[in-house]
Trainee: 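Have a look at the structure that comes next, please.
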Amino acid sequence: MELYIRKAYYHYFYLFATKKDTTFRAGWGNLENIFEKQLLRNTVFLNKDIISPHHIPEKLPFREKQIEDITNGLSALINNSKPNNLFIYGKTGTGKTSTVKHVLDQLSAFVAKNNKSAFSCYVNCRSHSSKYKVLLKSIRAFYPEKDFLGYSASFVYEKLLEFANDKQAHLILVLDEIDKVKDIDDLVYSLSRGNDEVQKGSITMIGISNNLMFKEKLDPRTKSSLCEIELVFNPYNANELREILNERSAAAFKPNVVTDPAVSLAAAIAAQESGDARTAVMLMQRAGEIADSESANTLTDIHVEKAKASVEEEIILSMISTLPQQQQLVLYAIAQLASQKDRGLRKVTGEIEKGVLYSGEIFETYLELAKKFDERTITSRWYRQYINELEMYGLILVTASGKGIKGQTRLIKLGFDANKIKVALEKELFKQMS
Ligand SMILES: Nc1ncnc2c1ncn2[C@@H]1O[C@H](COP(=O)(O)OP(=O)(O)O)[C@@H](O)[C@H]1O
Ligand SMILES: [Mg+2]
């Protein structure tokens with residue numbers, strides 16, 4: 001019986017789908033396919049991917065010097081000697097990841113053409129945050145056909161050395177956001193020792209970090225084993241960002257859609273915040289989406305202005321979610337104090353400002369909060385370190401108090417809206433508790 005119904009249903013469906021009768025179609029014909037409608041919609045984009053922050057452009061203006069430095073650093077392997085390790089520092093959005101990937105792409109093209117034995121592997125330590133995970137990710141890149149899951153860290157490490165030795169290979173491990181590796185000393189020390197053990201090949205680390213003070217945290221023994229060259233990527237200024245955006249926009253948007261004031265405003269906002277090309281690119285992408293939603297034919301500064309709040313929020317959220325819990329609590333203490341009405345009304349340079357807090361009062365509030373969330377608390381030395389980092393990420397502004405205010409305390413102010421930061425942190429902190 002059931003089969004019969006099904007058959008009948010298919011039969012009906014067949015008729016329905018093949019019927020050519022126009023009167024029959026008329027009732028449905030007015031409803032266009034929803035995807036077709038989407039396709040026909042007017043858009044300012046030519047290729048939206050190109051203005052996405054994940055896209056790696058072929059041209060990286062203002063990074064010529066860094067590209068040359070990295071290339072020089074690695075060029076030892078062309079002559080079969082061991083390159084130095086390379087450590088790259090700079091705030092987020094200064095092009096570190098893109099630049100390194102660009103050089104490695106060039107290297108692999110060169111290696112393929114010239115039959116050299118060099119292999120590279122890119123590891124994002126945010127998702128591979130332990131020595132074991134980093135080694136596993138690397139070995140998988142070199143032996144794609146084998147599965148090493150379940151083997152011990154020392155086995156995987158030995159395999160890595162074996163690969164370099166057997167193939168007389170030069171291995172380059174890019175460790176992006178290297179400060180996220182929990183047992184970082186162990187990893188860095190093992191890899192530099194491994195490099196000494198490899199006879200005819202080499203193991204080179206390219207460590208990348210947004211944290212300029214990253215090396216301070218390393219063990220002295222690790223530091224001395226490093227033999228590294230350091231490179232710093234400085235933030236872009238508004239003019240540089242404008243040129244970067246013009247270059248990317250030319251390929252991402254239809255001709256004559258993007259107006260100059262839009263690019264200038266996006267560049268100015270990003271330059272003012274942190275000289276961050278990611279913010280600049282995201283502003284243009286979001287502004288384009290807003291222009292589309294309004295069926296506008298041009299992308300103007302008004303669209304960029306509208307994009308600002310949501311981009312800012314997205315950036316703050318992603319930054320906050322990567323902070324360690326204790327640092328989130330420090331920031332939460334600042335946000336909580338700053339959101340209290342009439343709190344921190346202080347004169348810093350002439351005018352009275354709101355939300356200007358003493359370093360000491362923040363630490364006290366942090367201690368109280370930490371008790372509520374977690375029993376462990378950080379020492380005042382770590383607290384100062386966390387404050388320095390929060391400043392570096394642009395989440396807070398720090399100034400030394402002028403003469404007359406409590407000795408030499410530091411004055412701290414949030415870089416963004418206190419309530420927004422509070423809400424974002426609450427989400428993160430409660431998520432960790434549950
Ligand atoms: N010089 C540049 N030219 C063009 N785009 C750039 C440049 N520097 C950075 N970008 C873009 O900015 C975004 C962030 O760059 P990224 O390399 O991820 O920065 P970082 O790793 O320093 O945080 C990416 O979309 C990247 O393509
Ligand atoms: Mg990066």
Side-chain angles (χ1 to χ4, degrees), residues 45 47-71 86-106 121-129 134 173-181 205-212 214 230-253 258 263 266-267 269-271 273-288 307 311-312 314-323 389 392-395:
F45 293 106
N47 183 348
K48 199 167 163 182
D49 290 343
I50 291 180
I51 199 79
S52 142
H54 305 292
H55 178 79
I56 302 200
E58 275 179 25
K59 272 211 254 167
L60 291 160
F62 312 108
R63 288 300 173 238
E64 294 83 4
K65 170 89 173 60
Q66 285 82 354
I67 291 174
E68 197 183 319
D69 288 347
I70 301 170
T71 310
L86 204 61
F87 274 80
I88 295 174
Y89 302 96
K91 287 189 180 178
T92 107
T94 50
K96 301 178 298 298
T97 302
S98 312
T99 303
V100 170
K101 283 189 169 171
H102 171 79
V103 174
L104 288 184
D105 284 349
Q106 293 274 312
C121 170
Y122 172 87
V123 186
N124 183 342
C125 302
R126 209 184 266 206
S127 22
H128 302 271
S129 59
V134 168
L173 302 185
V174 178
L175 307 173
D176 203 352
E177 311 216 19
I178 187 170
D179 42 308
K180 297 288 180 311
V181 177
M205 276 176 271
I206 301 184
I208 305 178
S209 175
N210 295 339
N211 186 339
L212 294 158
F214 156 71
E230 282 182 16
L231 273 184
V232 175
F233 281 48
N234 287 320
Y236 298 109
N237 63 35
N239 284 335
E240 291 170 336
L241 288 170
R242 228 181 13 231
E243 209 170 311
I244 288 172
L245 286 183
N246 276 329
E247 186 91 35
R248 301 265 302 247
S249 298
F253 294 99
V258 176
V263 171
I269 294 172
E273 288 190 352
S274 51
D276 168 353
R278 178 177 293 119
T279 305
V281 166
M282 280 168 75
L283 279 168
M284 291 303 285
Q285 189 188 33
R286 189 63 49 85
V311 167
E312 199 169 86
E314 195 174 316
I315 286 171
I316 298 171
L317 289 182
S318 83
M319 201 145 53
I320 283 178
S321 68
T322 65
L323 301 176
E389 288 178 9
M392 217 170 51
Y393 301 147
L395 287 165

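Order of appearance sets the numbers: ligands from 1, and atoms from 1 within every ligand. Along the sequence shown, the residues carry numbers beginning at 1.
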Trainee: Give me the residue, atom name and distance of the protein heavy atom closest to atom 18 (O) of ligand 1.
Mentor: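 Among all protein heavy atoms, the one nearest atom 18 (O) of ligand 1 is Arg278 NH2, 2.9 Å.
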
Trainee: For the atom pair OG (Ser249) and CD1 (Ile244), what is the distance rounded to the nearest 0.5 Å?
Mentor: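 Atom-to-atom, Ser249:OG and Ile244:CD1 are 11.0 Å apart.
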
Trainee: Would you please test Val134 and Leu175 for side chain to side chain contact (heavy atoms under 4.5 Å, CB included) and show each step?
Mentor: CA-CA 8 Å; Val134 168; Leu175 307 173; 3.5 Å; yes

Trainee: Going by the order shown, which atoms of ligand 1 are within less than 4.0 Å of some heavy atom of Ser98?
Mentor: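 Taking each heavy atom of Ser98 in turn, ligand 1 has 15 (O), 16 (P), 17 (O), 26 (C), 27 (O) under 4.0 Å.
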
Trainee: At what distance is the nearest protein heavy atom to atom 4 (C) of ligand 1, and which residue and atom is it?
Mentor: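 Answer, as residue, atom name and distance: Ile244 CG2, 3.3 Å.
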
Trainee: When you measure from atom 10 (N) of ligand 1 to each heavy atom in Ala277, Gly93, Pro53, Ala280, which option holds the nearest one?
Mentor: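 Ranked by closest heavy atom to atom 10 (N) of ligand 1, first place is Ala277.
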
Trainee: When you compare the side chain of Ile206 with that of Leu173, does any pair of heavy atoms fall below 4.5 Å?
Mentor: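 They are not in contact (no side-chain heavy atoms under 4.5 Å apart), so the answer is no.
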
Trainee: Does the side chain of Arg248 reach to within under 4.5 Å of the side chain of Met284, using non-hydrogen atoms?
Mentor: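 They are not in contact (no side-chain heavy atoms under 4.5 Å apart), so the answer is no.
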
Trainee: For atom 21 (O) of ligand 1, grab the closest protein heavy atom and report residue, atom and distance to one decimal in Å.
Mentor: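 The answer is Thr97 OG1, 2.7 Å.
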
Trainee: Would you give the length of the straight line joining atom CD1 of Ile178 to atom CE of Met205, rounded to the nearest 0.5 angstrom?
Mentor: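 Output value for this atom pair is 7.0 Å.
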
Trainee: If the cut-off is 4.0 Å to any non-hydrogen atom of His55, which atoms of ligand 1 fall inside it?
Mentor: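 So the answer, numbered in order with elements, is 25 (O), 27 (O).
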
Trainee: Can you measure from CE (Met282) to NE2 (His54) and round to the nearest 0.5 angstrom?
Mentor: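 Interatomic distance, Met282 CE to His54 NE2, rounded to 0.5 Å: 8.0 Å.
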
Trainee: Tally every protein N/O/S atom whose distance to the Mg ion (ligand 2) is less than 2.8 Å; waters are neither shown nor counted.
Mentor: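 The number of such protein atoms is 1.
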
Trainee: Could you find the nearest protein heavy atom to atom 1 (N) of ligand 1 and give me its residue, atom name and distance?
Mentor: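 Answer, as residue, atom name and distance: Pro61 O, 2.7 Å.
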
Trainee: Identify the closest protein heavy atom to atom 27 (O) of ligand 1: which residue and atom is it, and at what distance?
Mentor: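 Result for atom 27 (O) of ligand 1: Arg248 NH1, 2.7 Å.
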
Trainee: Measure centre to centre between the rings of Phe253 and Phe45, then say whether the value is under 6.0 Å.
Mentor: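 Centroid separation for Phe253 and Phe45: below 6.0 Å.
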
Trainee: What I want to check is whether the side chains of Asn210 and Tyr393 have a donor and an acceptor closer together than 3.5 Å.
Mentor: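 No, Tyr393 and Asn210 have no side-chain donor paired with an acceptor closer than 3.5 Å.
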
Trainee: I'd like to know if Phe233 contacts ligand 1, where contact means a heavy-atom distance under 4.0 Å to any ligand atom.
Mentor: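 False for this residue.
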
Trainee: Mark yes or no for whether Lys91, through its side chain, and Gly275, through its backbone, hold a donor-acceptor pair below 3.5 Å.
Mentor: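 No; zero donor-acceptor contacts below 3.5 Å.
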
Trainee: To the nearest 0.1 Å, how far is atom 7 (C) of ligand 1 from its closest protein heavy atom, and which atom is that?
Mentor: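 For this ligand atom, the closest protein heavy atom is Tyr236 OH, 3.4 Å.
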
Trainee: Is there side-chain contact between Arg63 and Tyr236, with heavy atoms separated by less than 4.5 Å?
Mentor: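 A side-chain contact under 4.5 Å exists here.
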
Trainee: Short list, please: which atoms of ligand 1 are under 4.0 Å from a heavy atom of Pro57?
Mentor: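 Counting from 1, the qualifying ligand atoms are 4 (C), 5 (N), 27 (O).
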
Trainee: Starting from atom 22 (O) of ligand 1, what is the nearest protein heavy atom, named by residue and atom, and what distance separates them?
Mentor: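 The protein heavy atom lying closest is Lys96 NZ, 2.7 Å.
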
Trainee: Just one of Asp69, Thr71, Leu60, Val174 clears the side chain to side chain contact (heavy atoms under 4.5 Å, CB included) bar with Val103, so which one?
Mentor: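 Exactly one pass, corresponding to Thr71.
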
Trainee: Checking Gln285 side chain against Leu283 main chain: does a donor-acceptor pair fall under 3.5 Å?
Mentor: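 Not at all, since once roles are kept as given, no pair shorter than 3.5 Å links the two residues.
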
Trainee: To the nearest 0.1 Å, how far is atom 19 (O) of ligand 1 from its closest protein heavy atom, and which atom is that?
Mentor: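 Of the protein heavy atoms, Gly95 N, 3.2 Å lies nearest.
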
